[in-house]
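So that the names make sense, note that chain A is the first sequence line, chain B the second, and so on, each numbered from 1. Worth saying up front: this structure is predicted, and the values here are computed from it rather than measured.
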Amino acid sequence: AQSVTQLGSHVSVSEGALVLLRCNYSSSVPPYLFWYVQYPNQGLQLLLKYTSAATLVKGINGFEAEFKKSETSFHLTKPSAHMSDAAEYFCAVKGTGGFKTIFGAGTRLFVKA
Amino acid sequence: DTAVSQTPKYLVTQMGNDKSIKCEQNLGHDTMYWYKQDSKKFLKIMFSYNNKELIINETVPNRFSPKSPDKAHLNLHINSLELGDSAVYFCASSPSTIAQETQYFGPGTRLLVL
């Protein structure tokens, strides 16, 4: 079985500051991990995903995430926040051979001017 | 040239009514999904079809019935609507059931039951 925990339902940063959104997972099989972003009144879109090819994954809009098996983590970072990054971010896990994607509860990112 | 489209975008209805939500994808994908997002933004899988065959059927009241007439369409019919059905319903698709594939989401249908 798989599960995902996102630490912090809300994160607030200043424009230009580092963004760090935390995600820890649990999986009984090697996992595939995803970060999706949801802008207001829109569907989710993929930011990046870990598929075991490389532990540091780069995504769109300057985001990246590092898979750390020892810490069962897949935290999302961006060096410098932009106002347009304000959105809801979801971490998700899917087990090898599984059909079902399990989503975390989401983290709302606020960016202050 | 929208990849995953849903109709309607908004749906306001009375308790006890029956309603349908339609989803279409033009990506040529084999697998489609219905998710429910509640007011706290929690996203939960409801159903998934692969090549018109039901492969995921979560613990959902049997008032909800999905139908996939072909690979490009997945509709959701809801009977006897209840207040707790108010939520945003997202359709999504992926190329197949392979675990590492990205899901592509529609814009959502905002259902409000009064």
Is it the case that atom CZ in B:Arg110 sees more than 12 heavy atoms from other parts of the structure closer than 6.0 Å?
yes
Heavy-atom proximity to chain A below 4.5 Å, by part of [X]:
X	result
B:Ile56	side chain
B:Gln6	neither
B:Leu43	both
B:Lys44	neither
B:Thr102	both

Side-chain touch B:Tyr104/A:Gln45, heavy atoms, less than 4.5 angstrom
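B:Tyr104 does not reach A:Gln45 side chain to side chain.
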Using a 4.5 Å cut-off on heavy atoms from C-beta on, say whether the side chain of A:Lys94 contacts that of B:Glu101.
no
Which portion of A:Tyr36 sits near chain B, non-hydrogen atoms under 4.5 angstrom:
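The side chain, not the backbone.
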Are [Y] and [X] co-members of a hydrophobic cluster defined by side-chain heavy atoms under 4.5 Å apart?
X	Y	value
B:Trp34	A:Phe90	no
A:Val13	A:Leu21	yes
A:Val93	A:Phe74	yes
B:Ile78	B:Leu83	yes
B:Leu114	B:Tyr10	no

Only pairs of heavy atoms separated by less than 4.5 Å count here; which of B:Gln37, B:Lys40, B:Lys9 has the most with chain A?
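Maximum pair count with chain A is reached by B:Gln37.
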Rounded to the nearest 0.5 Å, what's the gap from [atom1] on [X] to [atom2] on [Y]? Could you check?
X	Y	atom1	atom2	value
A:Phe103	B:Lys41	CZ	NZ	14.0 Å
A:Thr101	B:Tyr35	OG1	OH	4.5 Å
A:Leu46	B:Gln103	CG	CD	10.0 Å

Would you check, one step at a time, whether the test side chain to side chain contact (heavy atoms under 4.5 Å, CB included) holds for B:Tyr33 with A:Lys100?
CA-CA 10 Å; B:Tyr33 312 81; A:Lys100 198 162 62 171; over 6 Å; no
Test your reading of the model: is there a side-chain donor-acceptor pair from A:Lys49 to the backbone of B:Gln100, 3.5 Å cut-off?
yes
